[in-house]
Amino acid sequence: MPTNLSESLRLLMLEAYSRRYMMIGAFIAISIVTTLIGATWPRTYTSYSTVYVDDRSVIGPLMEGAAVQSPLADRAAIASEVIYGRKLLNQIVHSAGFIEDESAVDPTALDAIVESIKERTVVANVGENLVRIEYTDTDPDRTQFVAQKMAELFISESLAAKSHESETAYSFIDQQVKEYQGKLKALDENLKEFRNANADARPGADVDSAHRLTALKDRLAQLDQELREAEIRREALEDQLSGEAQSANVMSRAEQYRGRIAELRAQLDTLLLTYHENYPDVVRLKDQITELEQVAARVEKGDQEPAQSGILMSNPLYQELRGGLYEANTAVQTVRSRIQENQRQLANEEDRNRRIQEAAAELAERTRDYDVTTQIYQDLLRRREAARVSMNLDRTQEGVTMRVEEPAFLPHQAKAPPLSYFASGGILLGIALPFAVLFGIQQADPRIRHPSVISERLGLVTLGVIQHLHTPRESALEARGIATLGIATIASLVLIGAISVMSITGAL
Amino acid sequence: MSKIEEALKKAKELQVASGTEPSAAERSADTTAADQIARMAEPLRRSETDLAVRRVIFASMRETRIRDTFRDLRTSVLQRAGASNAVVLVTSTAENGGGSFVARNLAAAIAFDENRTALLVDCNLQEPGHDDLVLTEEPLGLTDFLRDQDVAVSEIIHPTGIPRFRVIPIGRNKDPGSEYFALLKMQRLFRELKQRYRERFVVVDAPAVGVSADVRMLAELCDIAILVVPYAGSTDTQIEAAVNAIGEQRLLGTIINDEPSSAVLGRWI
């Protein structure tokens, strides 16, 4: 109320003194209560376990190239999802002894426990693949148990989820395989039907046909040549024949015989080189020669009667030419007919070749579908085998991608604010708070306490301030009261000290 | 001060019996003030403890600050009164504001001065509180005088056992409902009390403003008024209302009463 600060403080002290019982009482109450709060402040223990997590999705590597995988999220966030999950926390609540009576569980109480566990659990990334699960509680054993259990449950939950994932992946791929198998079968059937319907539509038929066409064409060209040659020969023979007399050049029969005899004698000489005179062949030759010599002698005698023996006495060259001409004619005829045949074959082949080309386009298209499907099918088969292996690995949990890297430890160091803070803070608060309240009351109270207010605000003369005049009885009471308050204050300080000592030694 | 010393000597020589009003003959005009006071001088019949119990200041008291405050207050009153004596009204802004305490000790402070006498008149019908100063039991007082024609002024003025300090108690007929102070007799009494002895200062202990309308009527009869403001007991508006009730021209000033103090720690706080 007074504008002067020192006067305000003087009045504060005066009123504090006049309310000394209340002030000391408040001091004792505040300081002791604060110390007690400090002494009974719950001591918390913190433990943590570290889990190695390699949470690459199973389907990712399996479907690499064939499907696009979504990018990996924060590992701690994924771990949090699992650990803060209701399923895991319920298991923790039941296994860590948070509930004494399992039969009478109040759902709201359970909710509160789960929430409080959640609040005291911190999941954080500590390394590339390391997740730390930190848990804080008032009981060191339970702290360790929960930190360990969380890590174990997290791993088993995750592995179960992973196993499920790989099974899903396998069944998906398996289904795809079956689908493609069906598709492939249908395409196969389709292709077979087409081939049956189109006999020429064999692989390589077009090449075959082309070869044959070429062969036929070559042959035709050769036959043309042959024809030309045969015709030239015939023309030449016809020319020669026209200049030769029909019988001028006919050889006499005797000469023919003699010629024959000469031949036989030559043969005989040859045989005699090797064989004896009585060798059957030699004998037969000698007989033939003798016979022919007789015939020749008879012919020489009767030269003018050629018709006697029926042998035509014509010109032998002419005869030969005629024979040649005849042969040449025959050859020309033959070649011609062969050319015709060849041309027919060529036409046939060309026709067939055209059909083969048409069928080949159709076949190529069908074969392409078939090939692509086959490729995918084989790829899927390979992937299915990989998925089966992954699934089996996950099922037997041999392909471990998660493990407790660092198991939870039993915490020994309790975390609690030091009691000395509470004790000293309580003493300071016990002094400061009542004074502050009193000061606040003085400032807020509109009733006048200081003469300066009267003179300044009302403009009235102030004649002074009269202090309270104590009667002897009041003085005696006051002295006794101060002694009592002093004892009470000392007692409360001793009590605070005792509480501190008991708390530190663990008696409280 | 030679006059006072002379008077004291005379007083010792005469050995006048104390406790009674001076006789009519003694109140002659030619007697000096000093002579009169000396004649009515009385020995201190109260022990210091006796006074301390009754919350009356005395010269050798331990609480010098309180004593000096009352001395300063007395000086202010004397300055305002000038050459003559005065009737001083003491009232407080609130009930139990300590008006009676201030009135009693203002009278005691005036009585310190050997040239002056103090007469405390208890006009507080609601909370009369000066009977403990009177030496006799069941003393006649102001109400008896106002009610009863037979009661003389001399009968209601009682010694207190403190030199130069007398008191008119409230009396036996205290009826808070009665309009005593409007009576003409009251005016005459005050005039007589003031005029009989020029050195006598009349201190009127009036009820608190707001508790009773008496204070307005009493103020009319007084020359000087002192407003007691209890520590942390009144607001600005209460003080303003009190000033209006007693009249600003009469107001000597305000005084804050009952600031907390310690008997044990004394001057340290």
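A, B, ... follow the sequence lines: proteins, then strands. Residue 1 opens every chain.
Annotation: side chain of E63(B) is not in contact with side chain of H468(A) (no heavy-atom distance under 4.5 Å). Using a 4.5 Å cut-off on side-chain heavy atoms (C-beta onward), D258(B) and I466(A) make no contact. Using a 4.5 Å heavy-atom threshold, the side chains of Y231(B) and L11(A) count as touching. Counting heavy atoms from C-beta on, the side chains of S234(B) and I448(A) never come closer than 4.5 Å.
Considering all non-hydrogen atoms of both residues, Q467(A) and I66(B) come closest at O-CD1, 3.7 Å. Closest non-hydrogen pair, L14(A) versus P260(B), comes out as CD2-O, 3.3 Å. Nearest approach of Y17(A) to S262(B), heavy atoms of both residues: OH-OG, 2.9 Å.
Heavy atoms closer than 4.5 Å to chain A are found in the side chain of E248(B), but not in its backbone. With a 4.5 angstrom heavy-atom cutoff, L252(B) touches chain A via backbone and side-chain atoms both. Looking at I482(A), only its side chain comes within 4.5 Å of chain B, counting heavy atoms on both sides. In this structure, chain A has heavy atoms under 4.5 Å from both the backbone and the side chain of I255(B). Only the side chain of V229(B) comes within less than 4.5 Å of a heavy atom of chain A; its backbone N, CA, C and O stay farther away. With a 4.5 Å cut-off on non-hydrogen atoms, V102(B) touches chain A through its side chain but not through its backbone.
With I256(B) as the fixed residue, the side chain to side chain contact (heavy atoms under 4.5 Å, CB included) test singles out one of L463(A), I454(A), T462(A): I454(A).
With values rounded to the nearest 0.5 angstrom, R67(B) atom CZ is found 12.0 Å from L469(A) atom CG. Here the NE2-CD distance, from H450(A) to E259(B), works out to 7.5 Å after rounding to the nearest 0.5 Å.
With respect to the salt-bridge test (charged N to carboxylate O, under 4.0 angstrom), the residues R457(A) and E240(B) do not qualify.
Put simply, of D236(B), N257(B), T69(B), L73(B), the one with the most heavy-atom pairs under 4.5 Å next to chain A is D236(B).
When atom types are taken as modelled, the side chain of E478(A) and the backbone of V264(B) share a donor-acceptor pair closer than 3.5 angstrom.
For Q249(B), the CD atom sits in a packed shell: over 12 heavy atoms of surrounding residues, nucleotides or ligands are nearer than 6.0 Å. No more than 12 heavy atoms of other residues, nucleotides or ligands shown are found within 6.0 angstrom of OH on Y421(A). Within a 6.0 Å sphere centred on CZ of R86(A), other residues, nucleotides and ligands contribute more than 12 heavy atoms.
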(request) Show the numbers, then the answer: is there a side chain to side chain contact (heavy atoms under 4.5 Å, CB included) between R55(B) and E474(A)? (result) CA-CA 11 Å; R55(B) 290 192 224 270; E474(A) 281 177 347; 3.1 Å; yes
